[in-house]
Amino acid sequence: MLALAGIVLMVPNFRSPTVRPLDPAGILLSISGLAALTYGLIRAGQVDSWSRSDVWAPIAVGFVLLAAFVLVELRAKEPSFDPRMLAQRVFGGGNASMALLLFSVAAVTFYNAFYMQGALGYSPMKAGLANVPTAVGAVVGAPLGARLVSRWSLRPVAVPALTVAAFSFGAVGFLDLHTPLVWIEILLLAQGFSVGVVMAPVTGALISSLPLERSGAGSAVTNTARQVGSVIGIAVGGTIMSIAYRGAIEHSLSDVPEAQQDSARVSAEQARHVAATLDRPTLAQAADRAFIHAMHVGAVWIMLIALFAAAVLLITLPAAGKKKGPTPQPDYEEARSSEPHSTA
């Protein structure tokens, strides 16, 4: 309710003079393409293979459908998602970097949920409360990032902050079954803070790089890129973890009945269930160790992807010396007066 009230009171009521009709073809192609691609990536982790037809076929179909979506939007007179906007250096490169950042955030959050509730045995309530520092860090980092940018410009603030975020994701590789909660909280606080410092000012810069009448379309493109990054991040992050876990648990299944081996290979959660059924605590311990190993492997990949996002942002954003002054604020009153008026 507070957020809705804030929107009503503080967000300008600007409408683009261009009316964009509903785009059913684009909606269908984008949803189906993303669903097929995500399914194929997740399936690869489930079967530990990329050569099976139920893995590569949906991935190929997903890419074809998404390519068709781009072609449809390029030919549309008023596309709901305009791919041409991504050809602009700042807007396109910035969105690519933020999509990779959201990819990393989604993947590390996915790992964290299983780490706390599975490996550490936290209840859902305790795990939720333990993640509060992430939100606190983001709330503090976002306005601070905007203030720092107003003083030093965007690139000197956003690129180091994104680099810190990348290393904080990689630091998940140091967590284990005996890490004190206070160190986990400090790491989550650092992750939320660094991401907050990056996201708020970069988002503002991307939208302000467009003409006012294109800000709505630009916002749609930005939101879409980040949502896609998050979805693919969970799929790819989960696949990396599944493959690494299966390789790590395999040597502990030799004395497990064959009927239960496949279940234990699926995930650490399934292995713990098998261990409880067979009354084999050593299997549960092996599953925990295999999960921690898989999480460490995934953390390294996530860190590298986030570092690549920082490199993209470094190349994309203009240098501080090229800044000619503060970004002009949109003149909403002038925009309103330029809207076409109805005649009686």
Side-chain angles (χ1 to χ4, degrees), residues 16-107 110 202-203 206-207 209-211 213-240 242-243 301-302 305-306 308-309 312-313 315-316:
S16 172
T18 303
V19 178
R20 290 178 173 81
L22 187 66
D23 183 14
I27 293 173
L28 180 61
L29 286 171
S30 60
I31 292 177
S32 57
L34 186 58
L37 177 60
T38 303
Y39 173 81
L41 292 172
I42 294 174
R43 187 61 178 160
Q46 293 175 338
V47 301
D48 193 15
S49 174
W50 294 95
S51 60
R52 290 177 44 154
S53 60
D54 57 345
V55 172
W56 62 261
I59 292 176
V61 170
F63 277 120
V64 169
L65 291 174
L66 291 175
F69 164 69
V70 172
L71 292 176
V72 167
E73 297 303 292
L74 287 173
R75 295 183 178 183
K77 183 177 181 181
E78 296 296 340
S80 58
F81 178 94
D82 192 350
R84 285 176 288 263
M85 300 179 72
L86 296 175
Q88 302 177 34
R89 177 180 173 181
V90 173
F91 188 79
N95 271 299
S97 178
M98 292 301 97
L100 291 171
L101 174 58
L102 267 294
F103 175 106
S104 303
V105 169
F110 179 78
V202 171
T203 300
L206 294 182
I207 300 303
S209 69
L210 302 172
E213 65 275 8
R214 300 289 288 165
S215 60
S219 178
V221 172
T222 297
N223 185 63
T224 300
R226 296 180 184 188
Q227 293 298 325
V228 170
S230 297
V231 171
I232 300 300
I234 294 175
V236 173
T239 294
I240 293 173
S242 295
I243 294 174
W301 283 103
I302 293 169
I305 291 170
F308 180 67
V312 171
L313 203 60
I315 296 171
T316 296

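The figures that follow rest on heavy atoms only: side chains count, while hydrogens, waters and symmetry mates do not. Note that the structure is a prediction, hence the values are computed from the model and not measured.
Between the side chain of Arg89 and the backbone N or O of Ile315, at least one donor-acceptor pair lies under 3.5 Å.
In this structure, the separation between CG on Leu65 and CD1 on Ile31 is 12.0 Å, given to the nearest 0.5 Å. Atom CZ of Arg43 is separated from atom CG of Leu41 by 13.0 Å, given to the nearest 0.5 angstrom. Atom OG1 of Thr316 is separated from atom CG of Asn95 by 10.0 Å, given to the nearest 0.5 angstrom. Here OH of Tyr39 is found 5.5 Å from CG of Asp54. Values are rounded to the nearest 0.5 Å. Between atom CZ of residue Arg52 and atom CD of residue Gln46 there is a gap of 9.5 Å, rounded to the nearest 0.5 Å. Expressed to the nearest 0.5 Å, how far CD1 of Ile305 lies from CG of Leu101 amounts to 11.5 Å.
A side-chain contact (heavy atoms from CB on, under 4.5 Å) with Leu66 holds for exactly one of Val228, Val61, Leu37; it is Leu37.
Between Val70 and Leu29, every side-chain heavy-atom pair lies at or beyond the 4.5 Å cut-off. In this structure the side chain of Ile207 reaches within 4.5 angstrom of the side chain of Ser219, judged on heavy atoms. Contact check for Ile243 versus Trp50: side-chain heavy atoms found under the 4.5 Å cut-off. Residues Arg226 and Thr203 are in side-chain contact: their nearest non-hydrogen atoms beyond the backbone lie under 4.5 Å apart. Trp301 places none of its side-chain heavy atoms less than 4.5 Å from the side chain of Val236.
Counting all heavy atoms, side chain and backbone alike, Leu313 lies closest to Gly94 at CD1-CA, 4.3 Å. Across all non-hydrogen atoms, the minimal contact from Leu210 to Gly218 is CD1-CA, 3.5 Å. The shortest non-hydrogen separation linking Ala309 to Ser97 is O-OG, 2.8 Å. Residues Ile234 and Ala106 come closest through the heavy atom pair CG1-CB, 3.8 Å. Contact between Pro58 and Gly40 at its shortest, heavy atoms only, is CG-CA, 3.8 Å. Between Thr38 and Ala235, the closest heavy-atom pair is CG2-CB, 3.9 Å.
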